[in-house]
K.L.:
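I'd like to ask you about the structure that follows.
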Number of protein chains: 2
Amino acid sequence: MSKYLVFGHKNPDTDTIASAIAMSFFLERQGYDAEPVALGTPNEETEFALNYFNVEAPRVVTTVANEVEHVALVDHNEPQQSVDDLADVTVDYVIDHHRIAGFETAQPLYYRAEPIGCTATVLLKMFKEHDYDIPKSIAGLMLSAIISDTLLFKSPTCTNQDESAARELAKIAEVDLEKYGLELLKAGTNLSTKTIDELLTLDAKSFDMNGRKVRIAQVNAIGFEEMQAQKAELLTAMDASGYDLFVLIVTDILESNSFGLVSGDDFTQVEAAFGTTVIDNELLLPGVVSRKKQVVPQLTAAYEK
Amino acid sequence: MSKYLVFGHKNPDTDTIASAIAMSFFLERQGYDAEPVALGTPNEETEFALNYFNVEAPRVVTTVANEVEHVALVDHNEPQQSVDDLADVTVDYVIDHHRIAGFETAQPLYYRAEPIGCTATVLLKMFKEHDYDIPKSIAGLMLSAIISDTLLFKSPTCTNQDESAARELAKIAEVDLEKYGLELLKAGTNLSTKTIDELLTLDAKSFDMNGRKVRIAQVNAIGFEEMQAQKAELLTAMDASGYDLFVLIVTDILESNSFGLVSGDDFTQVEAAFGTTVIDNELLLPGVVSRKKQVVPQLTAAYEK
């Protein structure tokens, strides 16, 4: 068997990087040659976790078929989120926690997805099923993935399984879960070093909603002041982007609230989705932390009315 | 949570029926209301297993959205093999051992597939991971599924995992694996009661191979005499079917050999695929027992030359 490259989605987040490293270790434990790689450089939150547990960042690649015939995907399956030459390799493994869309194989494969908060939680089950010990550093990264994806268990995507997996991993990683968790999340809120363009693309996804082009970006923050100070520049860039609706969700990770900055033509739909009024392009979103569960479905429904 | 219907593919085989029953039991153990159903009546092999372990055949349905909102699929994922109104329900679970093609969801789900011989082997792992005891009758059906899908471990699709799962299930089911296995396989070779049309449709799959319409049917037998006696009628029906190539694979389950009956225009590709000559529409296929591994890939490659 030739070597596996193991990777997550483009614009990698902590779960994508951590799960690539953990899955690569899992495959090596099964006797395969495997290397975690990434489709982009780690963000500051992920960098914090890598430094904390003294793990090197995975090598960044833009293609894989020039190196290997077989790959393992983590934290994604949709081709447009994956490596550009995915069609030229064989996917033997997928470990994920998203919907399945546009994913096809010619051969049977190992596919393991669960509707839970984090890919690393699925990976922890696999390690336990095989009685594989998890090294301290990899447990630390998997823990970081769960903290990141669930905003320290505050996201509605979080399940009891994610929380108990995190507590188990924190023991192996020998860290204080709450203390480390807040430090990790804060590391991802260092917005002062980011350009306007970076803030709007760091974690942005595009959607087709009833024929309208919608883009929803999200950034984590501590308080809203820093982002509100840049409101004018942000709106100028959002207006210039050409979407029918561009929503920037700024999530306060300590208070578990968000506010939205809105640009484009479709304010009616936004107001219908959240039952509130857009004032000066701003929108209060109390209790909202998850784009996947608390923004996309509500907006989609509003467009379909 | 409303009720789940659990079902396998159209033209149900023993794995599809047994895994629907086992998965339904699994979901009930998890506290859900679940019922196994089938997209067709069980074949004679499956009937033998159901009678042996005193389990009622699942109710046959042609639609599901009129009954439930949520379903669990076993032993398949491709929509054309599934219930006609699959698009009108939400798939929350898939337990499978095939390639993934044309399958899409709007929401995250539990998807568990492995590249092994039988869905029931995957299900046994799930039962063990949850420490759920398996009732004797369900263990017997799961064992039957593995025997059926692997032709008592002789198929190249069989893995060590399937064989050890079968041995474990045989203990729970309190049967002599080899003795019961042969009886079960023999029950599926009762061809004398079948019409020509039934023989050609019981387990037939269509393929597009480089733009040519190819159909490959397979029947299990003991010896080839019974089928060879009906050669003329079989060929007449195969000729009338309008495929560019129609191959009937007759597999001797005791000798692990097959012979092929060939109709249509594309004999060149058949001869290239198997490195042998078609004489009087017949083809010897020594050692061939698996359509998935020993017929389809070879024919596909021959068409692409």
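So that the names make sense, note that chain A is the first sequence line, chain B the second, and so on, each numbered from 1. No experiment lies behind these values; they were computed from the predicted model shown.
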K.L.:
Starting from the C-alpha separation in whole Å, work towards a yes-or-no answer on side-chain contact (heavy atoms from CB on, under 4.5 Å) for B/Arg112 and A/Arg112.
P.N.:
CA-CA 5 Å; B/Arg112 181 84 174 251; A/Arg112 182 83 175 253; 3.2 Å; yes
K.L.:
Between A/Glu114 and chain B, which part of the residue has a heavy atom less than 4.5 Å away: side chain, backbone, both or neither?
P.N.:
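For A/Glu114, the contact with chain B is made by backbone and side chain together.
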K.L.:
Let me know which of B/Asn77, B/Val94, B/Asp96, B/Ile100 forms a side-chain contact (heavy atoms from CB on, under 4.5 Å) with A/Tyr111.
P.N.:
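By the side-chain contact (heavy atoms from CB on, under 4.5 Å) criterion, A/Tyr111 pairs with just one of B/Asn77, B/Val94, B/Asp96, B/Ile100: B/Ile100.
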K.L.:
Identify which part of B/Ala106 has an atom lying under 4.5 Å from any heavy atom of chain A, answering side chain, backbone, both or neither.
P.N.:
backbone
K.L.:
From B/Gln107 CD over to A/Lys293 NZ, what is the distance, rounded to the nearest 0.5 angstrom?
P.N.:
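Interatomic distance, B/Gln107 CD to A/Lys293 NZ, rounded to 0.5 Å: 7.5 Å.
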K.L.:
Quick one: CZ on B/Arg99 to CD on A/Glu104, what's the gap to the nearest 0.5 Å?
P.N.:
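So the gap between those two atoms works out to 7.0 Å.
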K.L.:
Assess whether atom CG of B/Asn160 is packed by more than 12 heavy atoms of other residues, nucleotides or ligands within 6.0 Å.
P.N.:
no
K.L.:
Got more than 12 heavy atoms from elsewhere within 6.0 Å of CD, B/Glu69?
P.N.:
no
K.L.:
Should the heavy atoms of other residues, nucleotides or ligands under 6.0 Å from CG of B/Asp208 be counted, would the total exceed 12?
P.N.:
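More than 12 within 6.0 Å, yes.
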K.L.:
Just verifying a value: how many Å separate B/Tyr110 OH and A/Ile116 CD1, rounded to the nearest 0.5 Å?
P.N.:
9.5 Å
